[in-house]
Amino acid sequence: MTFVLLWENVLTRRRQAREQNGKRAEHLEGLSSDDEETSTDLTSYCLERDRVVRESNKVFEDVLEDFHSLDSIKSRFEVWRHLYFTCYRDAYIGLCLPKLFNPLVRLQLITWNPLQEKCANFEYMLWFESLLFYGCEEQSGMKKGDVDINLLPAIVERVILPKLAVLAEQVWDPLSSSQTTRLVSFVTRLLRGYPTVLNGENRNTQEFLKTIVLRTRRTLDDDVFLPLYPKNVLENKNSGPYLFFQRQFWSCVKLLGNILQWSGVLSGSTVRELALDSTLNRYILSALQNAEAGPDSVLKSQRVVECFPTQWFVGLKGQQTLPQLEPFCRYLTHLAAALLRGSLGGSDVDKRNAKYVITCYKGF
């Protein structure tokens with residue numbers, strides 16, 4: 001009961017904010033912001049974060065000064081490399097440094113979270129800037145094949161990717177559009193900047209992407225609920241069942257869009273399985289088929305179609321479509337026919353809606 005009251009208060013604040021900004025008309029319940037937290041939650045989070053930061057500052061307080069910081073340790077290896085490079089190379093120090101620097105880098109990343117709006121770019125953090133020119137001689141710089149050329153990519157692989165996997169499993173909410181957008185954007189930057197690390201052959205990359213898929217499937221199984229009420233129950237658009245059904249439906253559409261953001265990161269077959277088989281055909285299509293044909297069904301179909309990546313339909317000929325979309329296409333055919341029958345009575349709205357649905361069907 002307490003949760004229901006809190007959630008109603010959240011919805012009321014969001015509704016009042018939309019009315020003040022003049023956005024009430026176009027808003028659809030279920031597509032609202034997913035990041036609003038109560039002041040109590042924010043205060044608790046900040047207090048706990050500050051406590052963790054204070055405790056983390058004590059981690060190396062009993063360590064000798066020469067080994068207290070990343071810079072002091074790094075300087076010793078730079079001297080070794082500069083004075084006795086052959087010995088340095090033969091000792092395979094280049095392979096040891098990522099593991100040696102690992103705890104020091106992790107300590108600086110303890111509050112780093114790319115799911116948050118204001119998150120520092122790790123490439124601008126002190127540890128990255130300190131290691132960026134490690135091994136570069138003032139005159140010659142680092143040559144191709146140098147033993148230390150893969151230092152930063154190795155740290156990204158062994159520190160950044162495992163932390164991302166933990167955040168994806170324990171913090172990321174696949175129903176959150178903002179969190180998903182930030183995570184996909186960050187991973188896309190990593191793909192461009194560190195192709196030797198983020199590829200299908202890398203074990204840590206495989207584990208991270210596997211975590212994304214498993215977390216999404218857990219959301220589909222545990223967090224998505226779309227009740228199928230009898231049509232007469234949904235006739236009253238001010239009733240509790242109708243409003244709950246609408247909110248749950250649009251949450252499913254939001255999840256569909258979030259999953260499709262992973263196109264180009266996850267494999268095409270995995271994205272289609274999660275988005276089409278597990279979301280569209282399992283939840284959204286059943287809800288559409290259970291509703292009366294009308295402007296509301298057209299709007300919902302339009303929003304679903306807008307989620308699909310255009311590259312899916314490049315190269316398809318005639319009336320071809322993806323196998324997973326065939327049930328949705330049959331629904332659009334049924335919807336267009338029902339609207340056309342309604343337009344025989346002279347309704348211009350039904351005529352326009354029927355034409356739009358036919359256009360959507362022909363589009364894929």
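These figures come from a predicted structure and were not determined experimentally. Numbers here are sequence positions counted from 1.
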Close side-chain approach of [X] and [Y], heavy atoms under 4.5 Å:
X	Y	answer
L161	E207	no
L190	F122	yes
I212	L183	yes
L131	L152	yes
E235	N232	yes
V271	W312	yes
L226	S286	no
W250	V253	yes

Scan side-chain atoms only and decide if [X] and [Y] contain a donor-acceptor pair under the 3.5 Å cut-off.
X	Y	answer
Y194	N202	no
S297	E292	no
T219	R215	yes
E326	T321	no

Shortest non-hydrogen separation from [X] to [Y] and the atoms involved:
X	Y	result
A275	T279	O-CB, 3.2 Å
S301	Y331	OG-CE2, 3.5 Å
Y229	N290	O-ND2, 2.7 Å
R158	P98	NH1-CB, 3.7 Å
L260	C307	CD1-O, 3.1 Å
A165	T211	O-CG2, 3.5 Å

Side-chain heavy atoms nearer than 4.5 Å, only ILVMFWY residues, links allowed to pass through others: does that put [X] and [Y] together?
X	Y	answer
V79	Y84	yes
L115	L214	no
F77	L95	no
V233	F245	yes

So, does [X] use its side chain to make a donor-acceptor pair with the main chain of [Y] at under 3.5 Å?
X	Y	answer
T205	V197	yes
Q108	W127	yes
T180	S177	no
D71	S130	no
R282	D277	no

key: Q179/N258 under side-chain contact (heavy atoms from CB on, under 4.5 Å): CA gap, chis, key distance, verdict   = CA-CA 9 Å; Q179 286 188 7; N258 292 347; over 6 Å; no
Lys/Arg N to Asp/Glu carboxylate O, [X] vs [Y], below 4.0 Å:
X	Y	value
D50	R54	no
E78	R81	no
E273	R217	yes
E48	R51	yes

key: Ring centroid separation F186 to W172 under 6.0 Å   =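 No; W172 has its ring centre 6.0 Å or more from that of F186.
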Could you state the interatomic distance from [atom1] ([X]) to [atom2] ([Y]), rounded to the nearest 0.5 Å?
X	Y	atom1	atom2	answer
L97	K99	CG	NZ	12.0 Å
I160	I155	CD1	CD1	9.0 Å
L255	T216	CG	OG1	7.5 Å
N204	L198	CG	CG	9.5 Å
Q261	L256	CD	CG	11.0 Å
K163	W112	NZ	CH2	7.0 Å

Does atom [atom1] ([X]) have a neighbourhood of more than 12 heavy atoms from anything else shown, all under 6.0 Å?
X	atom1	value
Q311	CD	yes
F85	CZ	yes
R106	CZ	no
K231	NZ	yes

inquiry  = Walk me through whether V224 and C252 qualify under side-chain contact (heavy atoms from CB on, under 4.5 Å).
reply    = CA-CA 7 Å; V224 175; C252 286; 3.5 Å; yes
task = Describe, in one word, how the ring planes of F244 and F225 are oriented to each other, choosing from parallel (under 30°), tilted (30 to 60°) and perpendicular (over 60°).
result =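 Because their plane-to-plane angle lies in the 30° to 60° range, the rings of F244 and F225 count as tilted.
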request  = Return the orientation label for the F60 and H68 ring planes: parallel under 30°, perpendicular over 60°, tilted otherwise.
outcome  = perpendicular
Geometric cation-pi criterion R303 and F249, 6.0 Å radius, 45° cone =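 Negative - R303 is either too far from the ring of F249 or too far off its axis.
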ask   = Is the cationic atom of K74 (NZ for Lys, CZ for Arg) positioned less than 6.0 Å from the six-membered ring centroid of Y134 and within 45 degrees of its normal?
value =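 Pair K74/Y134 does not count as cation-pi.
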ask   = How far apart are the C-alpha atoms of V265 and L191, what are their side-chain angles, what is the distance that settles it, and do they pass the side-chain contact (heavy atoms from CB on, under 4.5 Å) test?
value = CA-CA 9 Å; V265 178; L191 284 168; 4.2 Å; yes
ask   = Passes side-chain contact (heavy atoms from CB on, under 4.5 Å), L70 versus F101? Steps please.
value = CA-CA 7 Å; L70 188 146; F101 292 143; 4.2 Å; yes
ask   = V304 and side-chain contact (heavy atoms from CB on, under 4.5 Å): which partner among L285, L332, L280?
value =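 The option that passes is L280.
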